Amino acid sequence: MQNQRITQVNRYTIPTIFLALTLFALVDMLEVIPYFAPVVDSPLFPFLHESHDLFSLILTLFSAYKLSPTIGWWAISWFIVIHIPYVYIVFPKELPELLRLVVLSAVAGFGIHNIAIRNRLVTQLNKL
């Protein structure tokens with residue numbers, strides 16, 4: 001059932017998801033570019049900072065639900081990998097930022113795990 005879903009998806013869907021996750025991660029790098037200092041100093045920037053990570057996780061869960069949990073796992077892995085340079089450049093000695101990334105990834109991983117269980121149960125029920 002999962003393979004049928006993936007074959008029916010537009011061939012640009014998966015690359016678009018990973019490109020979007022990359023762009024969301026690159027928004028973090030605005031903090032190290034002096035030109036964007038007024039944006040970073042804005043009182044709304046912390047909300048932007050958190051909201052784009054939440055959008056990344058929502059996109060990851062959506063891809064896991066609509067495509068397959070495997071794509072979701074790849075997406076969350078990409079989310080972690082693409083954020084590692086940011087964490088070490090902007091927050092080289094701060095563990096809270098790395099911990100925040102781990103917690104967000106763990107929550108998304110839990111969601112993907114639940115989607116995988118749901119898909120297995122639906123498959124089993126369809127067989128019955």
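Both backbone and side-chain heavy atoms feed into the values below; hydrogens, waters and symmetry mates do not. Please read all numbers here as calculations on a predicted model, not as lab measurements.
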**Q.** Ala108 to Leu61 - nearest heavy-atom pair and separation
**A.** O-CD2, 3.6 Å
Q: Using the test side chain to side chain donor-acceptor pair (under 3.5 Å), find all partners of Thr22 that sit at least two apart in sequence or belong to another chain.
A: Trp78
Q: Any chance you could measure Lys66, atom NZ, to Thr13, atom OG1, to the nearest 0.5 Å?
A: 11.5 Å
Q) Between Pro69 and Ile112, which heavy-atom pair has the shortest distance, and what is it? A) O-CG2, 3.7 Å
Q | With sequence neighbours excluded, residues passing side chain to side chain contact (heavy atoms under 4.5 Å, CB included) with Ser77 | A | none
Q: Take atom CH2 of Trp73 as the centre, draw a 6.0 Å sphere, and report whether it contains more than 12 heavy atoms from other residues, nucleotides or ligands.
A: yes
Q. Residues in side chain to side chain contact (heavy atoms under 4.5 Å, CB included) with Phe55, at least two apart?
A. Phe24, Ser51
Q | Spacing of CD1 belonging to Ile14 relative to CZ belonging to Phe18, to within rounding of 0.5 Å | A | 7.5 Å
Q: Mind jotting down which residue pairs meet the side chain to side chain donor-acceptor pair (under 3.5 Å) criterion with at least one end in residues 101-117? Sequence neighbours excluded, please.
A: none
Q) Got a second to check how far Leu125's CG is from Arg118's CZ, nearest 0.5 Å? A) 10.5 Å
Q: Among Ile, Leu, Val, Met, Phe, Trp and Tyr joined by side-chain contacts under 4.5 Å, find the other residues sharing a cluster with Ile117 and list them by chain and number.
A: Leu121
Q. Just how far is it from atom CG of Leu21 to atom CD1 of Ile76, taken to the nearest 0.5 Å?
A. 8.0 Å
(Q) To the nearest 0.5 Å, what is the distance between CG on Leu57 and CZ on Phe79? (A) 4.5 Å
**Q.** Residues in side chain to side chain contact (heavy atoms under 4.5 Å, CB included) contact with Ser63, at least two apart in sequence or another chain
**A.** Ile17, Leu67, Ile71, Ala75
Q.
Applying side chain to side chain contact (heavy atoms under 4.5 Å, CB included), can you list everything that pairs with Thr16, at least two apart in sequence or on another chain?
A. Tyr12
